[in-house]
S.K.: 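Handing you this structure, nothing more for now.
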Amino acid sequence: MLKIRGLRKQYGKHIAVDGVDLDVRRGETVVIMGPSGCGKSTMIRCVNRLTEPDAGEILVDGKSILSLDDQSLREFRRTVGFVFQQFNLIARLNVLDNVMFHLVLAGVPREQAEARARKALAKVGLESSEHKHPANLSGGEQQRVGIARALASNPQLMLWDEPTASLDPILIGEVLDVMEELVRTTNTTSIIVTHEVGFALKVADRIILMDKGKVVEEGSPRAIFADPQSEVGKKYQRLIAS
Amino acid sequence: MFRFFRDGLYRDYIILILVTIIAGAAVSSGVAWAVDVYFGDTIQEMIGDNGEFDLILHIREASEEAAVRELERIAQQQYPGAVISKTISLAGQVNYLFGFPKEAKTAETFSRLPSIFNAVPGLNSYTVIVEPSVLVRGVHPSISDTLQQRFNQIGGVSFAFRDGKNMLIVLEGAEHSKRVMNEVKQILKDYQVLEIRFPMGFDVDVQSTGDAVIQLLRKEYPGAKLANVSSTEYGEELDALMKTLVEMRHFLLSYASKVTIKLAPGSTVVMGEQIVVQGLSQQVPASGEEAASDHVVIEILEVNGDQAQGMIVSGSAAADGGVLTQPGYEYLSESKIGKPVGEVRIENERYRLNYAIEESLRLLRELDGLSVEAALAVERADKVLTTFQEALMQLEVLQVQMQQLNKGLAEKGAQSTSEQLIISLFINGLLKSIAKSGSETAEEFDLDQLENLDIASMRSSLESIAEQIGSIQEIDVQAIIDQVSDIRDSLPDLDDEEIGKSVRLVDNYIAGQVIPGERIQILVEKGPVDTEAVEPLIRSRLQNQYLNVYSIAAGTVNPDTRTEVFRILKEVRATIAGILSIVLVGVFLILDHATIFSTLKWFRANQKQPRHGLAKLMNPVALFSAAVGAAVLAATYWLSRAAVPYVSMATVAVIGMGLGAAVGIFSEKFSPVRADEIMAGLALGLNNAQIMHEIVIPDGRPGLLQLMNRAKQKF
Ligand SMILES: Nc1ncnc2c1ncn2[C@@H]1O[C@H](COP(=O)(O)OP(=O)(O)OP(=O)(O)O)[C@@H](O)[C@H]1O
Ligand SMILES: [Mg+2]
């Protein structure tokens, strides 16, 4: 479904993503791991062009994403759910509005949008909080709103950029549970950037290891952590063992 | 960058710019208009409707009641139909407006203003505000009559009259104002007052010097009509101060010790130079040595041949008898004593004055006693005279009796008896002795001579002496003594050194200044005389390099008070509008446009590589914001009919550019971007317009932008 070839992104002299190739099949759950600053976020943002890559090719269902015009790009983005590390909720809007406003702006009638939003909120267990504002929610709840917002557009592809990285350990669990549930019950294609090794082992169809802007290893979770080939892989192996 | 404005945002932004301009112009001209109306009303309140009142009478608060009664009397009896109205009062003074009835608004009335109102109690002064009129200020008295006649002949002029140094030209209607003003200016151009000012201390005979100048100018300007119109009055307060200072300088100098230097042959001194004498010091000055601190230093004030005048600048020289004569020496740098210059004579005027006062006090005290004694003496003389006269009369009787006795004796017989002889001898002796007491020259005594004494005239002269002595006694001699003592005590207790310093101080202050009165004014008709050209000529003709020649207008034209006030108001209005439009545009840029500039910058940074250093400052957003600032401010300024003095439209545009650029460069400080929310918007497939309407603007500062956004905002 997704095909990335020779993806490159450079910030000044620093090369954040250095010629990444990646293929993701429909319905597959791919977990990307790697040390901090290795270019995971940059790469995943390039997929829906929140970051404009310098070179390379991104194809979704054979369609080049990089050559889309503004209008088509927006239409494409509406089919991709993006979950941010910092949740990126609209502080001004309540939970329900946060989950439905983009649907209304995309032309979905209000009642329909509201129904979809409520359904999405139910999936993340927040149906009772729809009138609260983000500031009055815990970090875990906020991230669940973020997930519901992504789900509300019925995405064909979900991009997760370290959804639990800014949560404290107690709250991480509730978010990971929701994510696991989603991966199990839906058939949505997912690319998940995370440092949660346990979670990766449980949900990943495939794990990609990155280091210094490059993909250094990929394979099934068991294969990678049983017999890592790369430096990074070996570090993760030791982490699991301890 | 302009990609950002797609999705209809450019339309929104143009509307925002237009709304900014209209709102800015509306608010600034609105506020300016309100100020205008407020002041206009205040003026209306202050000086009434146009043409309604002719005078403002300034009256002491305490006399208000009496003054009003008198004003009402004037209005009822002299000018029926006159209107009186109280206006604002300030600082112990109440002000009343007074308007003559229409038929009384004549030259005759206005030229009699002082006599009309002279009985108003507590009237401090009045201001003429007759409308419509043209005011000519500072009319030279020598031409006010001529000008009045000429002004009266201008079309549209009802009449002109003098009000102190001003001349008011009352118009038939306000519509004539501009034209009359121009004609008046034209008339005033025919006259010019040349003023020649002399430096301080220069005594000038106003008449002859003025005539000399006229003669000179006549040659240079044959066509001009010239008249000497010098007057000796000093109008300006500064002039009075200068005059006082000069008088004080004279006084101080006359009070200081008079120093005359008789220069030794071959010696020269110049004005300002200093010499030194021994004074009362123990130490005799010697050439080459250093002067002692109690030596007397003298500054040369004037040199005439081998005579010089000076003034003590340090040390004291009060000698007994008030005069000190000592050799003088050059006083060189570092207090060194130089060559002898001649004989210095120091006369202490204060000593002399004191002496004179002491003497007259002594005499006055004696005079008191003297007059009493003199009165007594006259009285005694009078008594003597009376006794003498009585004696004389008795003597005459005696003489007659004696003659008869002698005759009788002779008749009795030719031979005298010894008895007769004795009697005859006795009588002669007696007569002789009486005559001696009346006259010194009674050698050859003759009673007839004695009779010739003019007793009456002696008496009358005695009486006049008595009278005079009496009048001396009537004078309160003690009061005179007290007065003179007071004078002695109040004489400044200054020594020469202090006087010298004061004189120098005064000199420094008035250095280069010109004293009033020592000026000549020449009225020029059909000139004008070029002051710069004639100044050197007059200088050389009068042999004075320090005089100055000025040209003074014969008068300056102003519109009437109301027109003038409204003209100023208009300027104030335009200035307020200008300043307000700058401030408002600044505020709008910060409140509204900064949000857009920040977002624009964020989008640029997110789409391309971030820039650094100069490139950051030169970024297109700053240029764009500068252009927006210039356009918005220029348009707002123009629309609000603003005009700040000395600020041109180009300057306004530059100010706008500066404002815009500053707001552009520092936009994040005024309106920070919520990058995470924008990022979410982008990820959710919102277009730029939607991101602006739903995320950026509602998050920004409240302002026009938010107001306009209300209609578009869905959440
Ligand atoms: N907008 C940017 N401007 C400049 N450098 C950037 C920018 N975004 C990322 N980088 C740099 O690119 C490199 C890769 O960053 P990226 O965020 O993709 O790493 P990451 O793998 O997601 O790390 P982490 O686990 O900390 O999130 C880092 O060195 C980072 O400093
Ligand atoms: Mg990251």
Side-chain angles (χ1 to χ4, degrees), chain A residues 9-14 41 44-45 47-52 54 68-94 96-107 110 113 134 142 145-146 149-150 152-153 155 158-159 161 166, chain B residues 1-10 12 595 599-600 602-616 671-702 705-706 709-715:
Chain A
K9 177 69 187 179
Q10 199 168 339
Y11 290 111
K13 286 202 176 112
H14 180 79
S41 296
I44 201 173
R45 281 157 174 272
V47 172
N48 70 348
R49 281 173 60 189
L50 288 181
T51 296
E52 293 285 350
D54 297 331
L68 292 177
D69 62 17
D70 284 3
Q71 181 57 33
S72 316
L73 175 62
R74 281 196 294 272
E75 274 160 16
F76 167 67
R77 280 172 176 167
R78 286 186 208 132
T79 66
V80 176
F82 199 102
V83 180
F84 294 90
Q85 181 178 338
Q86 303 292 342
F87 332 133
N88 296 26
L89 300 180
I90 310 299
R92 185 173 64 80
L93 301 180
N94 68 21
L96 185 66
D97 286 345
N98 256 293
V99 177
M100 66 182 268
F101 83 104
H102 59 287
L103 301 178
V104 174
L105 294 177
R110 253 182 200 259
Q142 287 187 46
V145 175
R149 179 173 68 183
S153 19
M158 280 289 281
L159 303 173
D161 188 5
S166 41
Chain B
M1 181 176 74
F2 293 100
R3 262 183 73 180
F4 172 77
F5 286 106
R6 285 192 307 192
D7 311 321
L9 256 189
Y10 70 93
D12 292 358
T595 309
T599 313
L600 208 53
W602 185 87
F603 270 89
R604 281 180 51 76
N606 199 52
Q607 276 161 9
K608 285 186 191 160
Q609 298 200 353
R611 288 151 181 262
H612 300 281
L614 199 66
K616 199 170 181 176
S671 183
V673 179
R674 292 217 186 180
D676 61 335
E677 295 191 5
I678 298 176
M679 197 59 105
L682 285 173
L684 291 165
L686 270 56
N687 66 29
N688 290 355
Q690 289 170 328
I691 289 174
M692 290 307 290
H693 294 147
E694 302 297 330
I695 297 173
V696 174
I697 296 172
D699 280 348
R701 288 169 183 276
L705 201 54
Q706 273 193 9
N709 198 51
R710 288 268 167 79
K712 299 203 164 129
Q713 194 178 329
K714 294 208 164 103
F715 284 86

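Note: hydrogens, waters and symmetry copies are ignored here, and every other heavy atom, side chains too, is used. Every chain is numbered from 1 and lettered A, B, ... according to where its sequence line falls, protein lines coming before strand lines.
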S.K.: Could you tell me whether the side chain of B/Met679 reaches within less than 4.5 Å of the side chain of A/Gln86, counting heavy atoms only?
M.R.: no

S.K.: At a heavy-atom separation under 4.5 Å, does A/Arg49 approach chain B through its side chain, its backbone, both, or neither?
M.R.: neither

S.K.: Can you tell me how far apart CZ (A/Phe101) and CD1 (B/Ile695) are? Round to the nearest 0.5 Å.
M.R.: 4.5 Å

S.K.: Answer with side chain, backbone, both or neither: which region of A/Leu89 has an atom nearer than 4.5 Å to a non-hydrogen atom of chain B?
M.R.: backbone

S.K.: Side chain, backbone, both or neither: which part of A/Leu93 has a non-hydrogen atom closer than 4.5 Å to chain B?
M.R.: side chain

S.K.: What are the two closest heavy atoms between B/Phe715 and A/Arg92, and how far apart are they?
M.R.: O-NH1, 3.0 Å

S.K.: Please report the shortest heavy-atom distance between B/Leu686 and A/His102, naming the atom on each side.
M.R.: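 The pair with the smallest heavy-atom distance is CD1-CB, 3.8 Å.
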
S.K.: Looking at every heavy atom in both B/Glu677 and A/Ala91, which two are closest together, and how far apart are they?
M.R.: OE2-N, 3.0 Å

S.K.: Looking only at heavy atoms, which two atoms of A/Arg149 and B/Leu684 are closest? And how far apart?
M.R.: CD-CD1, 3.5 Å

S.K.: In the structure I gave you, are the side-chain heavy atoms of A/Asp70 and B/Asn687 within less than 4.5 Å of one another anywhere?
M.R.: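 In short, these two side chains do not touch, never coming nearer than 4.5 Å.
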
S.K.: Which atom pair, heavy atoms only, marks the closest approach of B/Ala680 to A/Asn88?
M.R.: CB-O, 3.2 Å

